[in-house]
Amino acid sequence: MDPLKLLSRSTKRSRPLSAIPSSSTLSNGQNGTPQSFNIKPKVGSKKRKRGPNDGSAADGADDLNFFGDSGSKPSSSKRKIESDQAKGLAEDDADQEDTGTLNGTQELSEEERRSILKKHKLKIIWLNQPTPATTEKRKGKENIKVKKIEKPSVFPQPVQSFGELRERYNISNRLAENIHEQGYSVPTEVQLGSLPLLLQEPAKYLPGELCGDSSHVDLLTVAPTGSGKTLAFMIPLVRNIQAIRRAKSTSTKSTSAIILAPTKELVGQIVNEGRKLAKGTGVQITQVRKGMRLSEADSEVQDSDVDEGTSGPVSTVKSDILVSTPGLLQSIMENERAAENEHLVDVKFLVLDEADVLLDPLFRDQTLSIWNGLSNQELRVSLWSATMGSNIEELARSTINDRRVNLESKGSPVEAPLIRLVVGLKDSAVPNVQHKLIYAATEQGKLMGLRQLLHPTTSTAEAGPPLRPPFLVFTQTIERAVALHSELLYDIPAEAGGINRIAVLHSDLSDSARDLVMTRFRKGEIWVLITTDLLSRGVDFRGVNGVVNYDIPTSSAAYVHRVGRAGRAGRDGVAITLYSQEDVPYLKHVANVVSMAEKQNGSTDGSGMQQWLLDALPTLTKQDKQKFKKHGLESRTSRGKEKNPKASRKARISTKSGFARKSENNRKGAIQGSQRRAQAEAENGGEETDFGGFEQD
Ligand SMILES: Nc1ncnc2c1ncn2[C@@H]1O[C@H](COP(=O)(O)OP(=O)(O)OP(=O)(O)O)[C@@H](O)[C@H]1O
């Protein structure tokens, strides 16, 4: 009897395997569009020329390349032809039609704009309109009139093709080329909605008399994981900085934008993406590193000069865009406080990627300290995440407001509209991931379950959706990630690469070790990467087919982000959550997200998350929820080990029983003892030295 079959008996598979279209294999499936909601983009009347260099996400050849540079990036030979094409694009405007351009100057009526935005599930609201419209509502039986503030919807003209950007928003030829060269042709939903908000003056789409005199908006964006938010904030940054530099008569460079992200891995990735986009535009993007200085005006460091290591001589950075984790930048700003951060007075754009984490207690003080330390009166902020609680939105709004009040005493701050853009259902998992909850009863059951997933040849339809490498495995703590790694180290046969195919990544590793694992995973050398929530946010491994929650995530947002490492840019993915009896009281938040994703997905055949299971799962009190979010399951932490050693032993990751472990330890001890004795004997010319007795006076 298949043990997993037995263990998973109480849950139903979320979708029969036969229901998965054969053309979209879960391991490397790609949809024809990078959009999550699969609505065919409107293209111009001219038929798009599709050639081998098309570079669209539908390009099947890319399926073979798990970790290609772009979801839609062609092979190297293709790239060459495409880059030649792109050069032509710079020289000849007519080439734009080859990239599927809609006539960018064509104005759509409000009705048309509204309908396109609705079809793409985009909701855009003006949060701080000065004179909000109100409606009166009767509440309850008492007929109390309640004033409800109506936040007005906004309908900018959506960007339906990247070709529009040049005509309509005056982006440079070089930037247009770079977008094309990266293989991006169809904007994703978040790009479709945010680009018009960030690339034109608010008065173009808001009532001019109400929207103030700022040429940019503050923006809160909530869009699914893997939906292309990086490109959505990077294109406007590069365009705007080019415009600033054109307008400036001096050639002196100063920092115009700061991007904050919670982890070093994500910072590195943003810098890479940004540099590809800014190539040849003159816009310089730099990753802030330990030891860097921001304030010396006399030396200018080129990106290439910056030592990749963290040590070495102190370097001064004068870059257009700085990308950093909040802790690092804050400490540099603190150290240079004497200079009043003068070097940052020109910063006009602050981007918070994974904004809800950056404003969560863990990073809040550091992020706010940077935000408030930027003194430019025209500073505009944009916040991006796949999840954003109302408390985070409230905090962002009050910070913007407090800054305004603060700046009023020093001059007249430029007020700007605050816009909220939501793509799809707020705080929900990406719709193209197939979710599966597997009941594994015990800790040992989870290990067996994972082993079964590791060996797809033994997997059957009953065992769940196929999970093909490369995939990520998430654990609750570093200790558990390390333990799981050593358990599974020899599970991949030597002829398939053995221990080289499996790795662990966590924050206790050195920076260089972390970089190495990331590079090897991106290259496809590592197939199974065991990690903690360190990699749950923002990191884009284009070829990742699936995610395994070996330990359940500690909040619904954590689930959304973890599973969002798969199913990126419109591809399919699998998310498997193994849960034991101990997890059951904490499972509801995961089950709710799965159920919501299935509804969004249109799974109405009843094969998904069953209502009885949802109803049966206990709901945590607010306090317990917070405790769980902060500490996770106690028995899996070192705190729990001290408090309840028995429960902690049960939660240990190991296939061996306590008795087997004890015998093994005894055996190891005996072997070590005999080796020590033999060594000592050899050193003492064969004399017995096990115990030399006490020295006599
Ligand atoms: N218009 C597009 N066409 C095709 N691929 C795209 C497009 N825009 C972005 N991508 C690709 O989509 C992937 C995900 O992009 P990105 O990392 O920006 O997502 P994200 O929304 O920031 O995700 P997360 O919320 O997880 O941080 C990347 O591989 C990127 O190259």
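All ligand and atom numbering here is 1-based and tracks the order in the structure.
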N or O contact, [X] vs ligand 1, cut-off under 3.5 Å:
X: S185; answer: no
X: G226; answer: yes
X: A223; answer: no
X: E273; answer: no
X: G228; answer: yes
X: K229; answer: yes

Apply side chain to side chain contact (heavy atoms under 4.5 Å, CB included) to the pair M518 and F541, showing each step before the final yes or no.
-> CA-CA 9 Å; M518 289 288 283; F541 298 115; 3.6 Å; yes
Approximate separation, where rounding is to 0.5 Å, of [X] [atom1] and [Y] [atom2]:
X: L359; Y: L368; atom1: CG; atom2: CG; answer: 6.0 Å
X: K229; Y: I270; atom1: NZ; atom2: CD1; answer: 11.0 Å
X: L505; Y: I530; atom1: CG; atom2: CD1; answer: 11.0 Å
X: N170; Y: L199; atom1: CG; atom2: CG; answer: 10.0 Å

Does NZ or CZ of R113 lie under 6.0 Å from the centre of the six-membered ring of F155, at an angle within 45° of the ring axis?
->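 No, cation not above the ring by the 6.0 Å, 45° rule.
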Does ligand 1 have any atom sitting under 4.0 Å from a heavy atom of G564?
->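 Checking ligand 1 against G564, which is what was asked, there is no heavy-atom contact under 4.0 Å.
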Contact with ligand 1 for E354, non-hydrogen, under 4.0 angstrom =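 Contact check E354 vs ligand 1: positive.
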Would you mind running through ligand 1 and noting each atom that sits below 4.0 Å from a heavy atom of [X]?
X: R565; answer: 26 (O)
X: S227; answer: 19 (O), 20 (P), 21 (O)
X: V186; answer: 1 (N), 2 (C), 3 (N)
X: F162; answer: 1 (N)
X: R568; answer: 14 (C), 16 (P), 17 (O), 19 (O), 20 (P), 23 (O), 24 (P), 26 (O)
X: P224; answer: 21 (O)

Using a 4.0 Å heavy-atom threshold (strictly under), name the region of D353 that reaches ligand 1: side chain, backbone, both or neither.
->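 Answer for D353: neither.
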Quick one: does ligand 1 sit under 4.0 Å from the side chain of Q182, the backbone, both or neither, non-hydrogen atoms only?
->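 It is neither; nothing of Q182 touches ligand 1.
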Carboxylate-amine/guanidinium proximity below 4.0 Å for [X] and [Y]:
X: R537; Y: D356; value: yes
X: E265; Y: R514; value: yes
X: D360; Y: K629; value: yes

Could you pull out, from V560, V190, T230, V222, the option with a heavy atom nearest to atom 18 (O) of ligand 1?
->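 Looking at heavy atoms only, the winner is T230.
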With side chain to side chain contact (heavy atoms under 4.5 Å, CB included) as the test, would you mind laying out the steps for Y205 and L197 before giving the verdict?
-> CA-CA 8 Å; Y205 52 89; L197 296 172; 3.4 Å; yes
Describe, in one word, how the ring planes of F162 and Y184 are oriented to each other, choosing from parallel (under 30°), tilted (30 to 60°) and perpendicular (over 60°).
->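 The rings of F162 and Y184 sit tilted, inter-plane angle from 30° to 60°.
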